[in-house]
Trainee: 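Take this structure, written in structure tokens, and hold onto it; I'll ask about it next.
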2 protein chains.
Amino acid sequence: MALPRAARTQRRTRIQEAKEEQILEAALEVFSLHGFRGATVDQIAEVAGMSKPNLLYYFRTKETMHRALITRVLDTWLDPLREFDAEGNPVSEIRSYIRRKLEMARDFPRESRLFANEILQGAPNIEDELKGPLKSLVDEKAEVIRSWAKAGKIAKCDPYHLIFSIWSTTQHYADFDVQVRAVLGQGQSGEGRFEDAARFLEQLFLGGLNVSEQPSEA
Amino acid sequence: MALPRAARTQRRTRIQEAKEEQILEAALEVFSLHGFRGATVDQIAEVAGMSKPNLLYYFRTKETMHRALITRVLDTWLDPLREFDAEGNPVSEIRSYIRRKLEMARDFPRESRLFANEILQGAPNIEDELKGPLKSLVDEKAEVIRSWAKAGKIAKCDPYHLIFSIWSTTQHYADFDVQVRAVLGQGQSGEGRFEDAARFLEQLFLGGLNVSEQPSEA
DNA sequence: TGTAATGTTTACCAACCGGTCAAATTATCA
DNA sequence: TGATAATTTGACCGGTTGGTAAACATTACA
């Protein structure tokens, strides 16, 4: 038996790279729909178009696969927040952030659901990453928002809860898609859904944070 | 063998009522944490403090148990929206609704997570209830909100997305509790969490909807 | 080309899953 | 009390699960 991917030192074969990609794509599909415990290796293997032992040759356990998927997705998932620019115009920065998050909910709903499943079930595998890299990034951007409020550029508000509310409102359209569609009915379940949401959320957040509404010294 | 609960016609024994309560309580604990497919009957039986066959004497299948739990919780879960009063003052009605929803997220996080799990995984068992009773109730309240906007009492906005945003922001504190705690750190993870959230959300929604900000004819 | 490393498959296993069964125990009430 | 109905239990079953062993096929490369 050859050494599987876990034992590789430097170079990765073309075939390794392709297969691992193929597997993680299938794993995303299945994990995001059923959660960790609800997903089966057989199912992932079938979606990936390979036999179960072949899959387990690249990822020795179900958990290895899940962890690899989570860490990769978490990284790209935080990109919109990283782009948050302290030097930019507060109003347009917040507006862009909302828009980008909403686009991600529209274009990458599986990634959003993968996280939602993980967090919902107590985040047994990624608690460290939440308390580490995620918290650091949020702390940094919260400080930016606080400075904007202090300078009177936006209304004073708790920056952490502002970020939470942007996360929750935007990701809602990915995670609770079934409910949103059910409530809106067939008429508005099509494409216009996200445009309406974007318009509403812009009004909500820019209205709620507008400094004309709330003088910097209340 | 006696007839189990499914065959009862009218009267329920004290012992039946107590045991079924005991089982649903345990089922809520386990289903809300692991989802339907991730939860095991053995686990629920253990939490309920009884043997698996004994549990299955009251609920013949895992799905029966899950369905009973869902329908019961869905009913109480929608209470805050039902209290939404068309005759009341728009601003205080919306404020009360947010406060009640936030209190439910604080006091009944397991119920919130049960739904989140269900919706997230495609709501295979409750799609009908979403498209029926839930949609009807939301349609009714959306019409109320629209009439308030038309009368110039609040800013014009899409009432459906307003409701979605209230749901998502409040339930976030139950469903994503682990993440919220991780980001806020140990300092603010205690009790003050929900009070800060309430203050922020009130500012956000009442600011975003205030008619002084957005004349009824823009 | 030859051969060693890499990749793939078939057959299989022990543990666990939801659910059944019949026997044993307990509550009900004439 | 005694008989009948309701409840509880241990043993068990077929199917599924995550994972393994080893033979087989393919690729990389000297």
Side-chain angles (χ1 to χ4, degrees), chain A residues 1-24 26-27 29-31 33-70 121 124-125, chain B residues 1-24 26-27 29-31 33-70 121 124-125:
Chain A
M1 178 175 80
L3 288 180
R5 94 166 265 283
R8 86 191 136 82
T9 49
Q10 292 280 348
R11 199 169 292 276
R12 293 166 71 197
T13 323
R14 296 269 145 61
I15 215 167
Q16 271 182 356
E17 207 148 338
K19 292 276 173 168
E20 285 175 13
E21 198 63 30
Q22 198 174 333
I23 290 170
L24 289 181
E29 183 72 26
V30 177
F31 278 133
L33 201 54
H34 301 297
F36 180 76
R37 293 179 61 172
T40 73
V41 177
D42 298 78
Q43 213 176 345
I44 298 171
E46 191 191 332
V47 172
M50 63 181 74
S51 66
K52 181 170 64 170
N54 194 8
L55 185 154
L56 289 168
Y57 171 75
Y58 292 100
F59 295 93
R60 265 130 91 128
T61 69
K62 187 182 173 185
E63 202 189 320
T64 305
M65 194 166 41
H66 188 245
R67 201 186 302 268
L69 187 58
I70 288 264
Q121 302 187 2
N125 295 325
Chain B
M1 178 177 77
L3 288 180
R5 98 168 260 285
R8 83 190 138 80
T9 48
Q10 290 283 346
R11 199 169 292 277
R12 294 166 70 196
T13 323
R14 297 265 146 61
I15 213 168
Q16 272 182 356
E17 206 149 338
K19 291 276 172 168
E20 286 176 11
E21 198 64 30
Q22 196 175 334
I23 290 170
L24 288 181
E29 183 73 25
V30 178
F31 279 133
L33 201 55
H34 301 296
F36 181 76
R37 292 178 61 169
T40 73
V41 176
D42 298 78
Q43 213 177 344
I44 297 171
E46 192 191 332
V47 172
M50 62 181 72
S51 66
K52 182 171 63 170
N54 194 10
L55 184 152
L56 289 169
Y57 171 75
Y58 292 100
F59 295 92
R60 268 131 90 125
T61 68
K62 186 182 174 185
E63 202 188 321
T64 306
M65 193 166 42
H66 188 246
R67 202 185 300 269
L69 187 59
I70 288 263
Q121 303 185 2
N125 294 325

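Any value given below was found using the heavy atoms of this structure, including those in side chains, with hydrogens, waters and symmetry copies removed. Every chain is numbered from 1 and lettered A, B, ... according to where its sequence line falls, protein lines coming before strand lines.
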Trainee: Not counting sequence neighbours, which residues clear side-chain contact (heavy atoms from CB on, under 4.5 Å) with A/Gln121? List them please.
Mentor: A/Asn117, B/Asn117, B/Gln121
Trainee: Whole-Å distance between D/dG18 P and A/His34 NE2?
Mentor: 12 Å
Trainee: Please determine if a side-chain N or O atom of B/Tyr58 lies less than 4.0 Å away from the OP1 or OP2 oxygen of D/dT8.
Mentor: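 Yes, such a contact exists.
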Trainee: For B/Glu46, what residues pass the side chain to side chain donor-acceptor pair (under 3.5 Å) criterion, not counting sequence neighbours?
Mentor: none
Trainee: Can you check the A/Phe59 CZ to D/dG18 C1' distance for me, whole Å?
Mentor: 16 Å
Trainee: Would you say A/Gln16 places a side-chain N or O within less than 4.0 Å of OP1 or OP2 belonging to C/dG7?
Mentor: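 Checking A/Gln16 against C/dG7: at least one side-chain N or O falls below 4.0 Å of OP1 or OP2.
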Trainee: Under the side chain to side chain donor-acceptor pair (under 3.5 Å) test, which residues partner A/Ser51, sequence neighbours left out?
Mentor: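 Testing A/Ser51 for side chain to side chain donor-acceptor pair (under 3.5 Å), a comparison that skips the adjacent residues, returns none.
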Trainee: Output all residues satisfying ring pair (Phe, Tyr, Trp, His ring centres under 6.0 Å) with A/His66, sequence neighbours left out; order by chain, then residue number.
Mentor: A/Phe31, A/Phe36
Trainee: Determine the minimum heavy-atom distance between B/Ala26 and B/Ile44, stating which atoms define it.
Mentor: CB-O, 3.6 Å
Trainee: Using the side chain to side chain donor-acceptor pair (under 3.5 Å) criterion, which residues pair with B/Gln22? Sequence neighbours excluded.
Mentor: none
Trainee: Please round to 10 degrees the angle between the axis of the first five pairs and the axis of the last five pairs in the helix from C/dT1-D/dA30 to C/dA30-D/dT1.
Mentor: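 About 10°, once rounded to a multiple of 10°.
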Trainee: Could you run down nucleotides 9-21 of chain C 5' to 3' and tag each one B, S or - for protein heavy-atom contact under 4.0 Å?
Mentor: BBB-----SBBBB
Trainee: Among residues at least two apart in sequence or on other chains, which ones pass side chain to side chain donor-acceptor pair (under 3.5 Å) with B/Glu63?
Mentor: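 Once residues adjacent in sequence are excluded, the partners of B/Glu63 under the side chain to side chain donor-acceptor pair (under 3.5 Å) criterion are B/Arg67.
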Trainee: Salt bridge (charged side-chain N to carboxylate O under 4.0 Å, His left out) with A/Lys52: which residues, sequence neighbours excluded?
Mentor: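 Checked A/Lys52 against salt bridge (charged side-chain N to carboxylate O under 4.0 Å, His left out); matches are A/Asp42.
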